[in-house]
A.B. asks: 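There's a structure below that I have some questions on.
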Amino acid sequence: MKTKKEKNPYILTIKESREILRSNLAEMKKYEKAKRKKVTTDYFTTELKDDNNILEVENLHTYFYTDSGVSKAVNGVTFSVPKNSIVGLVGESGCGKSVTSLSIMQLVQAPQGQVVDGSIRFATHDFITDEKGEKIPIYVKDDNGEIVYVNKTDNKGNLVYDKKTGLPVRVPLQATSEDGVPLFEMEARTYDIVKMPTNDMYRIRGKDISMIFQEPMTSLNPVFTVGYQIEEVVYLINPTATKEQARAKAIQMLSLVGIPMPETIVNYYPHQLSGGMRQRVMIAIALVGNPKLIIADEPTTALDVTIQSQILRLIKDVQKQCEASVVLITHDLGVVAETCDYVVVMYAGKVVEKGTVYEIFDKPLHPYTKGIQKAKPTMETGLNNELYSIPGVVPNPINIPNECLFKGRCSEYCSACEGEYPEEIKVTETHSVFCHKYRKN
């Protein structure tokens, strides 16, 4: 008589489940320990391969350790984000787009989710410290180049007097930004986010890299006003900010994203706003720190068509105004064509094609890219004609093999598709594809 395992080889025995659990615990413990490791800044400081980029993701692997095995959600992703540009991540649901963005932010759900390999190089500016590890302030200077001194005051605004002389204590006047943020000496640095411990990630997350999440109703806290939630970010970036400065900044950010009557809306709760206005609040929160990189995870998914257009136009306007770069995650090719400069097409945790928006739309090479373009309705699509759909389903990411994962659904499949996953084939300086069909023999 056949056992359950013989009848269905996909069923896990108790012994196999225990082995998976034991292996998972060992791996998760190793990666969690690395996140808490105390290291110097030099440990995660690196260099960009191209100084024109703001972000370089290379051979990124993000796995989830599940009871059924290791789910390779992101399995060797490589792409770059040039400065002052919008890069679109495109693909079916479950292809690894959102996990890639969460890996960049170090927000992958731990301990099950871990970035196990690769590098994420991000160009930023960080504080210069003295021998004691203290930040070096920038002081106001007069016309002669001399540092300006002022009377020292306490937290209540009262003058502080020297106990010996009885005279007011004089201190150098520290320079501040337009928003009242104290200025310190900084220098350009490039950090490898994969190597950064969690505590060091606070240096750049929210300030230099920010994220617009997919569903604003679940991302905003329903028990706090939108103004309070913006002010919370202001305090994180500038701990010395007063209540008046934080409130003024919140109103300024709401005005920037096009919300009418910001002085009134700042006191509203999320449920009192429409979907489009909630999404604008999310964008306002993301922009408080003037980030160099904004990650927008399907920001128009829950909105109707007219509001979608407004949000996309707002993102483009903000990107130009702030001179930031944007990673736009979507499965809507119409959004990509209207908004992006570069496109990265993903399938089953891997990149299958990347290039400029014109190259991807005018000269698509990979069969998957052609398939998702063909599936989009056009003016030529008749009322009685069915939309094209790619046959088959996305493969299970559990213990996925190193081979072309699209070959079972590919209309251009040939004998060359057998074997390992195809290497990157550069067609032009900016256009590349991962497909055996274009391999030179």
A.B. asks: Cation-pi between Lys350 and Phe434: NZ/CZ under 6.0 Å from ring centre and within 45° of the ring axis?
C.D. replies: no

A.B. asks: Taking atom types as modelled, find out whether Arg189 and Thr46 have a side-chain donor-acceptor pair closer than 3.5 angstrom.
C.D. replies: no

A.B. asks: Taking side-chain contact (heavy atoms from CB on, under 4.5 Å) as the test, write out the residues that go with Pro364, two or more places apart.
C.D. replies: Thr369, Lys370, Gln373

A.B. asks: Distance from Leu314 atom CG to Ile259 atom CD1, nearest 0.5 Å?
C.D. replies: 9.5 Å

A.B. asks: For the backbone of Lys164 and the side chain of Asp162, can you confirm whether one donor and one acceptor N or O come within less than 3.5 Å of each other?
C.D. replies: yes

A.B. asks: Could you tell me which residues satisfy side chain to side chain donor-acceptor pair (under 3.5 Å) with Glu92, sequence neighbours excluded, listed by chain and number?
C.D. replies: Tyr368, Arg409

A.B. asks: Using a 3.5 Å distance criterion without hydrogens, assess whether the side chain of Arg205 forms a donor-acceptor pair with backbone atoms of Gln106.
C.D. replies: yes

A.B. asks: Should Ile20 and Tyr65 count as side-chain neighbours, where that means a heavy-atom distance under 4.5 Å?
C.D. replies: no

A.B. asks: Taking C-beta and beyond as the side chain, do Phe213 and Asp297 meet within less than 4.5 Å on heavy atoms?
C.D. replies: no

A.B. asks: About how many Å separate CD of Gln109 and CG of Leu102, when rounded to the nearest 0.5 Å?
C.D. replies: 9.5 Å

A.B. asks: Please list all pairs meeting salt bridge (charged side-chain N to carboxylate O under 4.0 Å, His left out) that have one or both residues in residues 310-332, counting only residues at least two apart or in different chains.
C.D. replies: Asp332-Lys376

A.B. asks: Is the shortest side-chain heavy-atom distance between Val87 and Asp341 below 4.5 Å?
C.D. replies: no

A.B. asks: Got more than 12 heavy atoms from elsewhere within 6.0 Å of CD, Glu187?
C.D. replies: yes

A.B. asks: Check the pair Ile212 / Ile295 against side chain to side chain contact (heavy atoms under 4.5 Å, CB included), numbers first and verdict last.
C.D. replies: CA-CA 6 Å; Ile212 304 168; Ile295 300 174; over 6 Å; no

A.B. asks: Using the ring of each side chain (for Trp, its six-membered ring), is Tyr347 parallel, tilted or perpendicular to Phe406, with breaks at 30° and 60°?
C.D. replies: perpendicular

A.B. asks: Could you give me the CA-CA distance, side-chain angles and deciding distance for Lys29 and Glu32, then say whether salt bridge (Lys or Arg N to Asp or Glu O under 4.0 Å) is met?
C.D. replies: CA-CA 5 Å; Lys29 185 177 180 179; Glu32 285 298 302; over 6 Å; no

A.B. asks: With side-chain hydrogen bond (donor to acceptor under 3.5 Å, both in side chains) as the test, would you mind laying out the steps for Lys37 and Tyr43 before giving the verdict?
C.D. replies: CA-CA 11 Å; Lys37 184 165 58 175; Tyr43 177 76; 3.3 Å; yes

A.B. asks: Taking the side chain as C-beta and beyond, is there a heavy-atom pair between Leu60 and Ile120 under 4.5 Å?
C.D. replies: yes

A.B. asks: Identify, with sequence neighbours excluded, every residue that meets side chain to side chain donor-acceptor pair (under 3.5 Å) alongside Thr62.
C.D. replies: Ser103

A.B. asks: Rounded to the nearest 0.5 Å, how far apart are CG of Asn53 and OG of Ser80?
C.D. replies: 4.0 Å

A.B. asks: Holding to side-chain contact (heavy atoms from CB on, under 4.5 Å), I want the full list of residues that pass it with Lys426, two or more places apart in sequence or in another chain.
C.D. replies: Glu424, Ser432

A.B. asks: Rounded to the nearest 0.5 Å, what separation is found between the CG atom of Leu107 and the OG atom of Ser101?
C.D. replies: 8.5 Å

A.B. asks: When you check the side-chain N and O atoms of Ser325 and Gln319, is any donor under 3.5 Å from an acceptor?
C.D. replies: no

A.B. asks: Got a donor-acceptor contact below 3.5 angstrom from the Ser23 side chain to the Glu19 backbone?
C.D. replies: no

A.B. asks: Side chain to side chain contact (heavy atoms under 4.5 Å, CB included) between Thr356 and Val343: does it pass, once the steps are laid out?
C.D. replies: CA-CA 6 Å; Thr356 65; Val343 184; over 6 Å; no

A.B. asks: Are Val70 and Ile398 packed together at the side-chain level, in the sense that at least one heavy-atom pair is separated by less than 4.5 angstrom?
C.D. replies: no

A.B. asks: With sequence neighbours excluded, what pairs up with Tyr228 under the ring-ring contact (aromatic ring centres under 6.0 Å, His included) test?
C.D. replies: Phe224

A.B. asks: Not counting sequence neighbours, which residues clear side-chain contact (heavy atoms from CB on, under 4.5 Å) with Thr124? List them please.
C.D. replies: Phe122, Tyr191, Ile204, Asp208, Lys292

A.B. asks: List in chain and number order the residues that pass side-chain contact (heavy atoms from CB on, under 4.5 Å) with Asp143, two or more places apart in sequence or in another chain; answer none if no residue qualifies.
C.D. replies: none

A.B. asks: First locate atom CG of Asn221, then atom OH of Tyr269, and finally report the distance between them rounded to the nearest 0.5 Å.
C.D. replies: 10.5 Å

A.B. asks: How about Gln252 and Ser255: does a side-chain donor come under 3.5 Å of a side-chain acceptor?
C.D. replies: no

A.B. asks: On a heavy-atom basis, which atom in Ala324 and which in Pro291 lie closest, and how many Å separate them?
C.D. replies: CB-O, 3.4 Å

A.B. asks: Quick one, Lys97 and Val90 - any side-chain contact, counting heavy atoms below 4.5 Å?
C.D. replies: no

A.B. asks: So does Thr66 get a backbone contact from the side chain of Asn24, meaning a donor-acceptor N/O pair under 3.5 Å?
C.D. replies: yes

A.B. asks: Does a side-chain N-to-carboxylate-O contact under 4.0 Å join Glu27 and Lys30?
C.D. replies: yes

A.B. asks: Answer whether the closest heavy-atom distance between the side chains of Pro197 and Phe44 falls below 4.5 Å.
C.D. replies: yes

A.B. asks: For Asp130, is the CG atom crowded, meaning more than 12 foreign heavy atoms sit under 6.0 Å from it?
C.D. replies: yes

A.B. asks: Is the closest side-chain heavy-atom distance between Ile294 and Leu287 below 4.5 Å?
C.D. replies: yes

A.B. asks: Under 3.5 Å, is there a donor-acceptor pair between the Tyr358 and Lys363 side chains?
C.D. replies: no

A.B. asks: Only pairs under 3.5 Å count here: list side-chain donor-acceptor contacts from residues 166-174, not counting sequence neighbours, and write none if there are none.
C.D. replies:
{"from": "Arg170", "atom 1": "NH1", "to": "Asn151", "atom 2": "OD1", "distance (Å)": "3.1"}
{"from": "Arg170", "atom 1": "NH2", "to": "Tyr149", "atom 2": "O", "distance (Å)": "2.9"}
{"from": "Gln174", "atom 1": "NE2", "to": "Leu183", "atom 2": "O", "distance (Å)": "2.9"}

A.B. asks: Sort and list the pairs that fulfil salt bridge (charged side-chain N to carboxylate O under 4.0 Å, His left out) and have at least one residue in residues 44-59, not counting sequence neighbours.
C.D. replies: Lys49-Glu58, Glu56-Arg121, Glu58-Arg121

A.B. asks: Is Ser85 reaching over with its side chain to a backbone N or O of Pro82, donor-acceptor style, under 3.5 angstrom?
C.D. replies: yes

A.B. asks: Can you see whether Asp192 engages Ser119 through a side-chain donor-acceptor pair at a distance of less than 3.5 angstrom?
C.D. replies: no

A.B. asks: What verdict does the side chain to side chain contact (heavy atoms under 4.5 Å, CB included) test give for Asn59 and Asp117, after you've listed the backbone C-alpha separation in whole Å, the side-chain angles of each residue and the deciding distance to 0.1 Å?
C.D. replies: CA-CA 7 Å; Asn59 196 33; Asp117 195 11; 3.9 Å; yes

A.B. asks: Kindly state each residue pair satisfying salt bridge (charged side-chain N to carboxylate O under 4.0 Å, His left out) with at least one member in residues 242-256, sequence neighbours excluded.
C.D. replies: Asp179-Lys249, Glu231-Arg247

A.B. asks: So, does Glu353 use its side chain to make a donor-acceptor pair with the main chain of His366 at under 3.5 Å?
C.D. replies: yes

A.B. asks: Can you pull the ring-ring contact (aromatic ring centres under 6.0 Å, His included) pairs that have at least one residue in residues 67-100, sequence neighbours excluded?
C.D. replies: none

A.B. asks: How far does CD of Glu359 sit from OG1 of Thr430, to the nearest 0.5 angstrom?
C.D. replies: 3.5 Å

A.B. asks: Would you say Glu338's side chain and Val335's backbone share a donor-acceptor pair under 3.5 angstrom?
C.D. replies: no

A.B. asks: Decide yes or no on side chain to side chain contact (heavy atoms under 4.5 Å, CB included) for Leu220 and Gln229, but give the supporting numbers first.
C.D. replies: CA-CA 8 Å; Leu220 293 172; Gln229 296 182 61; 3.7 Å; yes

